[in-house]
Amino acid sequence: REPGPMSEKAAREFRPLTSECWNDLEALFGSRGACGGCWCMWWRLGNAEFERNKGEANKKLLRGLVEQGQAVGMLAYESGKAVGWCSVAPRDDFPRLDRSRTMKRLDTKPVWSLVCLFIDKNHRRKGLSSELVRAASAFAAQCGAEIVEAYPRVLREGKSPDVFIYTGLPQIFEKAGFHTVAEPTGSRWIMRLDTAGRGN
């Protein structure tokens, strides 16, 4: 018989990105590195360095972080294939956040930041993003995070292309237990999750 929603959900797994599953990330991101040669290095680099490194250089930088054993994010799998990615790490690893007018630190509390979601086009709008955010937040908690912060974009009119909402939408994080702590602009919110007890 045709598989129902529960069997589809049961087939999903979530794994931190390590050297052992690097090839899975490569397959998911494809030759464009998810988008325009980014390889999820946008938040980690300044403008000039990022532009210089677009493509293979960014890919090597990310792989270097993984091989050093740094926590960089979480992969989502469905039926054994990587179908989603969530970048999550200590906020200090993403210096571009502090250079942003709308995403500056709210206080001195140490937080982990969830800065990017990338879902395979055939698996979007199926509830995967919220599941992936929950898994990434639990992973952060296991690594010692007490607060996970996210920076979703609010869509006011019409429908934006998926590439412009890589930080996610508020409803994705609400479903994962996040709450809004600031609205720097009408289109950009800052949301947080208290991860106490979630890493067990």
From [atom1] ([X]) to [atom2] ([Y]), nearest 0.5 Å:
X	Y	atom1	atom2	result
Arg15	Tyr77	CZ	OH	4.5 Å
Glu149	Ser137	CD	OG	12.0 Å
Glu49	Asn58	CD	CG	8.5 Å
Ser129	Arg124	OG	CZ	9.0 Å
His179	Ile190	NE2	CD1	11.5 Å
Phe94	Leu114	CZ	CG	8.5 Å

Determine whether more than 12 heavy atoms belonging to other residues, nucleotides or ligands lie under 6.0 Å from atom [atom1] of [X].
X	atom1	result
Lys104	NZ	yes
Glu146	CD	no
Arg99	CZ	yes

Ignoring hydrogens, what is the shortest heavy-atom contact between [X] and [Y]? Give both atom names and the distance.
X	Y	answer
Ser19	Val66	N-CG1, 3.4 Å
Gly46	Arg96	C-NH2, 3.5 Å
Asp24	Ala82	O-CB, 3.7 Å
Ser87	Cys40	CB-SG, 3.5 Å

Determine, using ring centers only, whether Phe29 and Phe118 are less than 6.0 Å apart.
-> yes
Mind checking whether Tyr151 and Trp189 have ring centres under 6.0 Å apart?
->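 So the answer is no for these two rings.
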Give the intermediate values and the outcome of salt bridge (charged side-chain N to carboxylate O under 4.0 Å, His left out) for residues Glu56 and Lys60.
-> CA-CA 6 Å; Glu56 282 299 312; Lys60 288 178 182 177; 5.5 Å; no
Would Asp92 and Arg105 satisfy salt bridge (charged side-chain N to carboxylate O under 4.0 Å, His left out), going step by step from the backbone distance to the final call?
-> CA-CA 10 Å; Asp92 288 344; Arg105 293 176 189 270; 2.4 Å; yes
Tell me whether [X] contacts the main-chain N or O of [Y] through its side chain, where contact means a donor paired with an acceptor under 3.5 Å.
X	Y	answer
Thr195	Ala145	yes
Ser187	Val154	no
Thr180	Ala182	no
Ser100	Thr102	yes

When clusters are formed by joining ILVMFWY residues with side-chain heavy atoms under 4.5 Å apart, either directly or through shared neighbours, do [X] and [Y] land in the same one?
X	Y	answer
Leu25	Trp42	yes
Met103	Val111	no
Phe139	Ile119	yes

Close side-chain approach of Asp93 and Arg44, heavy atoms under 4.5 Å = yes
Do Asp194 and Ile147 come within less than 4.5 Å of each other through their side chains, counting heavy atoms only?
-> no
Full working for side chain to side chain donor-acceptor pair (under 3.5 Å) between Thr167 and Arg188 = CA-CA 10 Å; Thr167 53; Arg188 177 72 72 186; 2.9 Å; yes
Determine the interplanar angle of the Phe178 and Phe173 rings, folded into 0 to 90°, and report it as parallel if under 30°, tilted if 30 to 60°, perpendicular if over 60°.
-> perpendicular
Any Lys/Arg nitrogen of Glu26 or Lys59 sitting under 4.0 Å from an Asp/Glu carboxylate oxygen of the other?
-> yes
Derivation of the salt bridge (charged side-chain N to carboxylate O under 4.0 Å, His left out) call for Lys81 and Glu78 | CA-CA 5 Å; Lys81 177 184 176 183; Glu78 194 163 292; over 6 Å; no
